[in-house]
Amino acid sequence: MAVTSASKPAAPPALNRDQLLELYYYMRLTRSLEERLVNLYRQTKVVGGLFRSLGQEADAVGSAYALDRSRGDVLSPLIRNLGSMLVQGATPLEILRQYMAKGDSPTRGRELNIHFGDTVRGFIGQISHLGDMVPVMAGVTLSFKLRREERVGLVYVGDGATSTGAFHEGINFAAVQRCPLVVIVENNGYAYSTPTTKQTACTSFKDKAVGYGIPGVRADGNDVVATYQVTKEAVDRARRGEGVTLVELMTYRRKGHAEHDNQSYVPPGEIQRWSSENDPVDRYIKILTESEGVSAAELQRLDARVVAEIDQATDQAEASPAPEPLDALAGIYADPPATPALWYREGVRSAVDQHERAQGWGTHDG
Amino acid sequence: MAVTSASKPAAPPALNRDQLLELYYYMRLTRSLEERLVNLYRQTKVVGGLFRSLGQEADAVGSAYALDRSRGDVLSPLIRNLGSMLVQGATPLEILRQYMAKGDSPTRGRELNIHFGDTVRGFIGQISHLGDMVPVMAGVTLSFKLRREERVGLVYVGDGATSTGAFHEGINFAAVQRCPLVVIVENNGYAYSTPTTKQTACTSFKDKAVGYGIPGVRADGNDVVATYQVTKEAVDRARRGEGVTLVELMTYRRKGHAEHDNQSYVPPGEIQRWSSENDPVDRYIKILTESEGVSAAELQRLDARVVAEIDQATDQAEASPAPEPLDALAGIYADPPATPALWYREGVRSAVDQHERAQGWGTHDG
Amino acid sequence: MAESTYLEAIRQGLFEEMERDPNVLCLGEDIGAYGGAFKVTEGLQARFGERRVIDTPLSEAAIVGAAAGAAHMGLRPVCEMQFIDFISCAYDMLTNYVATARYRAFLPCPMVVRGPSGGYVRGGPFHSQNPEAAFLHTPGLKIVYPATASDAKGLLKAAIRDDDCVLFFEHKYLYRRIKEELPPGDHVVPIGKARLAREGRDLSIITYAATVWKALEAAEQLEREDGLSVEVLDLRSLLPMDDEAIVATVKKTNRVLIVHEDTVTGGVAGEITARINDLAFEWLDAPVKRVAAHDVPLPYAPQLEDFVLPQTGDIVRAARWLAAY
Amino acid sequence: MAESTYLEAIRQGLFEEMERDPNVLCLGEDIGAYGGAFKVTEGLQARFGERRVIDTPLSEAAIVGAAAGAAHMGLRPVCEMQFIDFISCAYDMLTNYVATARYRAFLPCPMVVRGPSGGYVRGGPFHSQNPEAAFLHTPGLKIVYPATASDAKGLLKAAIRDDDCVLFFEHKYLYRRIKEELPPGDHVVPIGKARLAREGRDLSIITYAATVWKALEAAEQLEREDGLSVEVLDLRSLLPMDDEAIVATVKKTNRVLIVHEDTVTGGVAGEITARINDLAFEWLDAPVKRVAAHDVPLPYAPQLEDFVLPQTGDIVRAARWLAAY
Ligand SMILES: Cc1ncc(C[n+]2csc(CCOP(=O)(O)OP(=O)(O)O)c2C)c(N)n1
Ligand SMILES: Cc1ncc(C[n+]2csc(CCOP(=O)(O)OP(=O)(O)O)c2C)c(N)n1
Ligand SMILES: [Mg+2]
Ligand SMILES: [Mg+2]
């Protein structure tokens, strides 16, 4: 992926100008793609729920950017890590098809939102049960260690997910095995409606590292470069064989848990404050233009490119076919390759052909 | 329970001479009762496995002694906390009947070893699945908090059990709710054959407290008075409404995981070193006789009392009846009170009456 | 009196029981100020306070374990699983600790675990599950899965008053789609009793939860188009199961179709078939047949979900086959 | 050739597969230097080193989850549950993550979860469980439960080579009590095929695991005392289940007794009954009957355990009833 532009020797330690602009591109792509998804959701073209990362784009993009795809690094995102997925090579078209439950979506219509994987590009298809990906990524990175491959894994958990047993078992396992794993705790203040004060009595998630005997660090997750740097250090450490790091990224979930959530539980003014004072895209534009000598025109060109890409992907996704019903029965096992349709479906596919839906259903008197 | 003897103003802060002798009594009772159990095990009168706490008597006794039964405090022990159960009011007779699977055992033959409970005396019947008692005790103590009762709960986990998801979820839950709970981590160096270095990368279990936002303290678990004191502070703190404390007690498991374990995995000399240099009973005798003015004769009287009690309990337990087979079907639910016998048992109880066992079984050619 | 939805009926049941018994309390993720993901507990915290309506950390095993501990001490906790799919995280706690507490340690464990269950809602594989079969196999638990608003209320009240742990599965498709006038007064529906949802002579459909409505639709169609008189038995309780009602309907119609939304293999229909065999084999004029979901994780896309789940047309076809046997 | 016990057969299977395929590795509590609670993995670490035989923390969910992650990356992990009872702690991971990985994300998950299962050993409620019914209901998993040493070895080798997750339940009562000469060479038993353990004409007993031996004992007694010719079908695989073999035996004897050690309600017998109904109803001369454990947590005392679990005498009585039907 190349954001071409003149290459000046870069300002912050490791990132050059191209890379800095690439970070901007991914943040903008994340935000704009989500906005498009909101439109499609309102048009009921998004079949299930829609989960936003507004205000968290920097933490997703900056952290994933610290991985090295060419070396086979692997990440496991959360619903709100659309930005990480894009950095790791997922395309807007895939995301749109997935949300719209298309037959040519990455899961052929089987799973929702960004729940899909690709071992070649290095992301593992997660499940809804929070915390479970930590043990799984412990195993992914254990395989790197056992094979002496210099690959790194990165797994995201929310402040809420740190309360799960799976998180605990997985990070402890990885710590003992010194797996090359980075665990990012995205502290965005809430788990659904639950504020962090009701999630844990500890004041900083990075302090949980102590109990696992691993380093814990904390960074401003709304500063994309800081996020990149702190994650990069953890990634390098993992690659050197020094084991697990817990990275807490401080951010804020400005939208509700999902589109339907009206955020009535949020103290008045809190969202407004974050959006006006601490928007990661605004902050980054300021840095780019004020300290990195990037012109407004340059950014506009990138914005335009993002819009064009999303427009094109939307057209393609909308034109994508629905899944073939019978495909639902394929691939539960490697062998047998499919399960047969049940006996009363022999010769018919009526539930689908007639597109039988549940209208009327439930209007009976009990 | 009274160990009568002249009452001098006590030496260490809170404990008087009677209490100090009571601690000795319970440690001796624990050790001697287990020795008796070993004899019975060798005579195959103990039906299932036998779990020893040799060398850990001080940590079990000292910590449980910090609870106040008269105020309704509750504890949840582990297999190796026989001493705690005795302090909390379980009798040698109950323990013997339980190990021998008698019909009048506390669980009527349904459960093993010290897996039994009594809400009146304040112990909760645990299950084998390690870690699960932490959430349960979080709930027990939550009820104290909600009802504004000044009662405290104490739950034991081993170094191994700290790796379970249940431990994590339970202690975090209790910490957030500020439940009046003390969590004792008995660090005896091993979980079955697994040394603590393979259990966690952190060097001290008390450091796990940080991640839960609660105080963590550590004490010499082979010093019964120190154990008592550190636990007592945590208990008082809980009673004052200040929430959970994690107490790590350093001790050593001198016997195998259970009687059948030959401890081949233990480095040579390690057991010998602990038994000769750091036996909790020996250490305590030294303190009692050298600093507390207790005479050898006094201790011998207590030892004799212990033997007499155990002898009597053994006779009683041996004379106890086996369970009534049909009792197996009672009390799964409050309502219905029992489940009926299966159809092919109508009018017969042959499996039991004929005492059908599995001899011969398995000698077939496959 | 006004009509109540299935969801409102559950909420009413909670309110009434919390009013009646100060030992009843609710535990769960986001159930307090927010009122729960589906708003089932809306208004509860405002009415009963933070001590009795507790927002917990994201920890299903701790929620269930803590409920058990509190239940031992005399409280009557009602736990919400945000989606019932997450009950799997408390599987050990429920099957090993909770279910055995009375039997092995004489510890009472009066508690309820409830949550939105079931599919037909484009929820994908992890927001659509029907977990009843996973617990049917655990003596010590009770399981109910109501199909109507009035049963939802009445069974919830019975569950809260029960001295043992009751798993209370709520079908989320029904939450706001069905409505009825609820019986007045202290409406309690006994656990373990099935409900005859429709009388018939030619064939029995035994079912529960959302597919009760599919069965009723099919029954109407079969009456209209084939002149078949179809009986529909709504089990309501799965553990204990109402053998008497099952045997009565088999003896009456001699032909049985079992319908459930859960996957066919290992689903509850197997147990029902075994009971019918055991207790009423002589009365069967045809094999007991099953209509259920295909054996796959439930996919997300409407075309796939509709194909995998049992539909009214499937029941009609299966019933015709059975009637013609 | 010398005879091998059931336990040695499993160990041989592990050795041979680890020799054959460098991607096979073992994970579990105390499986390394100690060789496992039952010594199944004894000698494995000495032979294959600490990288391939890994002692883990006390974390069943992490063991299973990590195995899945490693399996995605091309390894073939074999997880030991110290007792199979603790598989409940990994229930979420197995049913939600592992079982669906291929279907929802095209992630291969070739792994085995094995462990000592079953009762008759005075192990009490938490060291005696038979968890097969809890997983029968999960498409994406396979389940085997061998009764003989040679099947234990052959099925374990098949499980390790299978491209999906196989739950491999070992009956701990059989570990050292049965012995046989193992077939020479690379002995692999296909998953999904039942074994005719004894031929007969009058009545079929369908069973698996330890109760295969009880059924054989009962069959001998019935032949001796009643002149009955009893067929015994050992399922070996529960998921997938060998419908063909089941139907064949039903067609032959027309009378079926299903026997398993697990509790009757919700146990695997329900599914078997439903399949027989479905596929061979016309061939039944009598109801399909079940002999299984009573619906209680398995108690510890010998008198109680013997009463709760199915015994040879129970099978004999039930078979007589069926034969006389
Ligand atoms: C084990 C489990 N329990 C409950 C849920 C329901 N749930 C989905 S998202 C969510 C909140 C997650 O909060 P957090 O981990 O902070 O992530 P965020 O949404 O803030 O990114 C909850 C409770 C779940 N997915 N998994
Ligand atoms: C969840 C679970 N997994 C495995 C076991 C098997 N097991 C019983 S005791 C034990 C070791 C426990 O070690 P630790 O917690 O340190 O307690 P200790 O025996 O040292 O007192 C193991 C692995 C279990 N009881 N529970
Ligand atoms: Mg959050
Ligand atoms: Mg230990």
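Values reported hereafter were calculated over all heavy atoms of this structure, with side chains retained and with hydrogens, waters and symmetry mates removed. Predicted model only: the values in this text are computed from it and were never measured. We name chains A, B, ... by the order of the sequence lines, and we start the count at 1 in each one.
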- Closest non-hydrogen atom pair between A:Leu112 and C:Gly124, with its separation: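 Closest heavy-atom pair between A:Leu112 and C:Gly124: CD1-CA, 3.5 Å.
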
Can you give me the closest heavy-atom contact between C:Pro299 and A:Ala328, atom names plus distance?
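Residues C:Pro299 and A:Ala328, closest heavy atoms: CG-CB, 4.3 Å.
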
Is [X] close to chain C through its backbone or its side chain, or both, or neither, when contacts mean heavy atoms under 4.5 Å?
X	answer
A:Asp261	both
A:Tyr99	backbone
A:Ala161	backbone
A:Thr164	both
A:Ile332	side chain

- Message: Counting heavy-atom pairs under 4.5 Å with chain A, which one of C:Ala149, C:Gly32, C:Ala37 comes out on top?
- Response: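 Among C:Ala149, C:Gly32, C:Ala37, the one with the most close pairs to chain A is C:Ala37.
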
Which bit of [X] comes within less than 4.5 Å of chain A, counting heavy atoms only: side chain, backbone, both or neither?
X	result
C:Ser150	neither
C:Asp234	neither
C:Gln82	side chain

Counting N and O atoms only, with roles assigned by atom type, does the side chain of [X] sit under 3.5 Å from a partner on the main chain of [Y], one being a donor and the other an acceptor?
X	Y	value
C:Tyr300	A:Gly48	yes
A:Trp343	C:Arg290	yes
A:Arg345	C:Phe307	yes

Should [X] and [Y] count as side-chain neighbours, where that means a heavy-atom distance under 4.5 Å?
X	Y	result
A:Leu342	C:Val264	yes
C:Pro125	A:Glu111	yes
A:Pro325	C:Val308	no
C:Lys289	A:Tyr344	no

Find the distance between OG (A:Ser128) and CD (C:Gln129) and round it off to the nearest 0.5 Å.
->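 If I round to the nearest 0.5 Å, the distance is 9.0 Å.
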
For A:Lys198, does the NZ atom sit with more than 12 other heavy atoms under 6.0 Å from it, leaving out its own atoms?
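It does: A:Lys198 NZ has more than 12 such atoms within range.
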
Query raised in the report: Which residues from residues 54-64 of chain C are near chain A, with near meaning under 4.5 Å between non-hydrogen atoms?
Result: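 Within residues 54-64 of chain C, the residues under 4.5 Å from chain A are C:Asp55, C:Thr56, C:Pro57, C:Leu58, C:Ser59.
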
Quiz item: According to the interplanar angle, ranging from 0 to 90°, do the rings of C:Tyr34 and A:Tyr265 count as parallel (below 30°), tilted (30 to 60°) or perpendicular (above 60°)?
Solution: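 Judged by the thresholds at 30° and 60°, the geometry between C:Tyr34 and A:Tyr265 is perpendicular.
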
